[in-house]
Participant: 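Just dropping this structure here.
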Amino acid sequence: MGIVAIASLLADSSFNKLSLWLRQSAFQFLGEISYSLYLIHGAVGWLELSIGDSLADRDRIRALIWLLAVVGASFLAA
């Protein structure tokens, strides 16, 4: 995945298209909350994942739903 990311960045920068997709609102939003998300994801994520592990009880659907809730909570906290 890292090689694909580096290749796409190199291709976009060689065609001067890098600023085109970085102006999109989703990337702007992620750029604004990235440091807060970096700081808070451990506290929020690990706590909720440990609770969710006991609640999911080996059910993959419940575990996936809980994972999405944890990611959402981390984004809200950031």
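One-based numbering along the sequence shown. Heavy-atom basis, side chains included; hydrogens, waters and symmetry copies ignored.
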Participant: What distance do Leu47 atom CG and Ser74 atom OG have between them, rounded to the nearest 0.5 Å?
Facilitator: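 Separation between the atoms: 10.0 Å.
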Participant: Search all heavy atoms of Ile40 against all heavy atoms of Ala77 and return the closest pair with its distance.
Facilitator: CG1-CB, 3.9 Å
Participant: So, taking the atom named CG in Leu37 and the one named CG in Leu76, what distance separates them when rounded to the nearest 0.5 Å?
Facilitator: 11.0 Å
Participant: Leu30 and Phe75: side-chain contact (heavy atoms from CB on, under 4.5 Å), yes or no, with the steps?
Facilitator: CA-CA 9 Å; Leu30 289 175; Phe75 270 86; 3.5 Å; yes
Participant: Looking at every heavy atom in both Ala78 and Ser36, which two are closest together, and how far apart are they?
Facilitator: O-CB, 3.5 Å
Participant: Working note: Glu48 + Trp66, criterion side-chain contact (heavy atoms from CB on, under 4.5 Å); need CA distance, chi angles, decisive distance, verdict.
Facilitator: CA-CA 8 Å; Glu48 288 189 13; Trp66 191 260; 4.2 Å; yes
Participant: Would you say Ile33 and Val71 are hydrophobically clustered, going by side-chain heavy atoms of ILVMFWY under 4.5 Å?
Facilitator: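 Yes: a chain of side-chain contacts under 4.5 Å links Ile33 to Val71.
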Participant: Taking atom CD1 of Ile61 as the centre, does the number of heavy atoms from other residues, nucleotides or ligands within less than 6.0 Å exceed 12?
Facilitator: no
Participant: In this structure, which one of Leu9, Leu10, Ile3 forms a side-chain contact (heavy atoms from CB on, under 4.5 Å) with Ile6?
Facilitator: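 Going through the options one by one, the only one that passes is Leu10.
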Participant: About how many Å separate CD of Glu32 and OG of Ser25, when rounded to the nearest 0.5 Å?
Facilitator: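 Result: 10.0 Å between the selected atoms.
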